[in-house]
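Report on one structure; see the data block that follows.
In what follows, chains are A, B, ... by sequence order, proteins preceding strands, each numbered from 1. None of these values were measured; they are calculated from a predicted model.
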Amino acid sequence: MTRRPLLARRPAMTVRVRFAPSPTGYLHIGGVRTALYAWLWARQRGGQFVLRIEDTDVERNTDDAVQVILDAMRWLGLDWDEGPEVGGPHGPYFQSQRLDLYRAWADKLVEAGHAYRCFATKEEIQAQREAYEKEHGSKGFRFRSPWRDRTDGDRTQPHVVRFKTPEPREPGEKIGWDDLVYGRVEYPLDQQQDFVLLRHNGLPLYNFGCFVDDHTMGITLVTRGDDHLVNTPMQLMLYDALGLPRPQLAHLPMVLDDRGKKLSKRSKDVGVAVLDYRDAGYLPDGLLNYLARLGWSHGDEEIFTREELIAKFDWANVGKTASRWDKKKLAHVQGTHLRRLDDADLGERVVPFLRQRGLEVAPNDPRLLAAIAPVKLRATTLADLAADLDYFFRDDDALEYDEKGKRKFLKPEFAGNLERLAAIVESAEPFDEATLEAATTGWMEEAGLAMKHVAQPARVALTGRTRSPGLFETIVLLGRERAVARLRRGAALAQAVA
RNA sequence: GGCCCCAUCGUCUAGUGGUUAGGACAUCGGCCUCUCACGCCGGUAACAGGGGUUCGAAUCCCCUUGGGGUCACCA
């Protein structure tokens, strides 16, 4: 195999990495991990992160789908230095706008004798395939074009441009590379076929477009999923044919669903679309932290801020094994990030989720900030947070009661306790937790009541739920007037059951 | 099937010839306790199998098995 200049001998250059999604209607969570590692690498090394849209499959792509990608990347905070809407010196960043470039490179390859115009029809190819299969079985067919060594075709007729795969110069010759994740990877050269560069309509195929773009955009490290491992020899042959320096390569193991199957839209219980996580109230940093740890590790550390990820990420500690999506671990990591945010920040973020519930609350409302502190210990996502904040902002008469809680605790036998507690709340002076608790426990001791017999009915009356922050904390957060009203309303409801 | 990749607790992983195989999530106990969480303490739980190499193998080599990927004028 031809020896190209080794990367190590090239002058030190700034890191240029890219993420090249295809606009399919949603941004795949597995793709995001690939993007994340590339982004982390660029940020750590002070390089550039390029976003390129691979939209040559016209039938599958839509404009809206591009916007989905951009929205998702922005939400995640994976900002790009070059690409859609920000431009850059190597644009355009949509493959559909680079068709002239592909044509020019294809011409260059044809002129240099590394590619040829193939006028074989689908029928011819099919006939050859059938003849092969008759003799060798249904697998391993490689098309040998009669046009491989001809240059007399009529260019005005429909044709494709095929790469002229070099013949092995010795039996068993391989083409390979040193992968940053997998180490040495090699494929037998004689297994490669004359793959198509340009379709009859002039649109480039993946391997060709990818090569032209990566090269002309100055990409120094190509990152992608390991499902692309088999594509790499084709792209490398293109670099080699033209004597161009190869980029470094890093293939990432797949992210599988919870059953160990390739993650797809059909995977149950696993959201593959990034924006779904946004809508479900996940934090970008929580999702990114989980994703980073899925396939990469840094000793025993589990929780990383974005800055820590940038500082600590390295290719040496990226594993080779496919990993499964674990919703529960994601929830844990996400919850940890949620709890670490300060109350004011959470206030800003939770407002849209409250609005979804029909509650208009100002992000700087002191009542909101006060309630967030205890509630965030009980939430995983912003949606959870909003749900647990709900009863603090719901009108007293619009409070909804958990059915089971109501049945169990808003019963006649507790009505008296609720009335009594209401009286205590009404008269407690000063109105604070300590005073309320002292007054309540004093009464309970006299009456021989256990806390749980008072607290649970009161909790349902005050919040409609069977779980909430501490009783006295909740009362203070609600305020004297609303707490009393809710307790009395609860007492009335309890009485009415009879 | 050909080719390629992979293989440590249920899951994510640490481990790079000598460790009681560590951590995290989950799970199971316990503490805290007015509920639910948070937090804290503790337990169960893994080197796929077989051959080598070596004084010594989770670590190196081979085979088997298992899993995954890919075989387009999709990406």
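Distance from the side chain of Lys452(A) is smallest to C34(B) among C38(B), G67(B), C34(B). Distances were taken from every side-chain heavy atom of Lys262(A) (C-beta onward) to each of U70(B), C74(B), C38(B); the shortest belongs to U70(B). With C73(B), C25(B), A37(B) as the choices, the nucleotide that has an atom nearest any side-chain atom of Arg378(A) turns out to be A37(B).
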What N/O pairs connect the protein and nucleotides 2-5 of chain B at under 3.5 Å? Give each pair on its own line.
unit_1: C3(B); atom_1: O4'; unit_2: Gln191(A); atom_2: OE1; d: 3.4
unit_1: C3(B); atom_1: O2'; unit_2: Gln191(A); atom_2: OE1; d: 2.6
unit_1: C4(B); atom_1: O2'; unit_2: Tyr187(A); atom_2: OH; d: 2.8

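Nucleotides G15(B) and C60(B) are separated by 15 Å at their C1' atoms, to the nearest Å. Nucleotides A21(B) and A48(B) have their P atoms positioned 15 Å apart, rounded to a whole Å.
Heavy atoms of Val196(A) sit under 4.0 angstrom from primed sugar atoms or phosphate atoms, though from no base atom.
Note on ring orientation: taking the six-membered ring where Trp is involved, the planes of Tyr37(A) and Trp315(A) are perpendicular (angle over 60°, cut-offs 30° and 60°).
Residue Arg467(A) places no side-chain N or O under 4.0 Å from the OP1 or OP2 atom of C34(B). Put simply, Arg129(A) has no side-chain N or O that comes within less than 4.0 Å of OP1 or OP2 on C71(B). Phosphate proximity of C36(B) to Thr466(A): absent, as no side-chain N or O sits under 4.0 Å from OP1 or OP2.
In this entry C25(B) has G10(B) as its Watson-Crick or G-U wobble partner, both defining distances falling under 3.5 Å.
When each of Leu487(A), Leu477(A), Leu399(A) is paired with Leu462(A), the side-chain contact (heavy atoms from CB on, under 4.5 Å) condition holds for Leu487(A) and for no other.
Between His159(A) and Phe119(A), the ring centre distance stays below 6.0 Å. Taking the six-membered ring for Trp, Tyr290(A) and Trp325(A) have ring centres closer than 6.0 Å.
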* Which letter, B, S or -, goes with each nucleotide of nucleotides 10-16 of chain B from 5' to 3', with contact meaning a protein heavy atom under 4.0 Å? -> -SBSS--
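With sequence neighbours excluded, no residue forms a ring-ring contact (aromatic ring centres under 6.0 Å, His included) with Tyr26(A).
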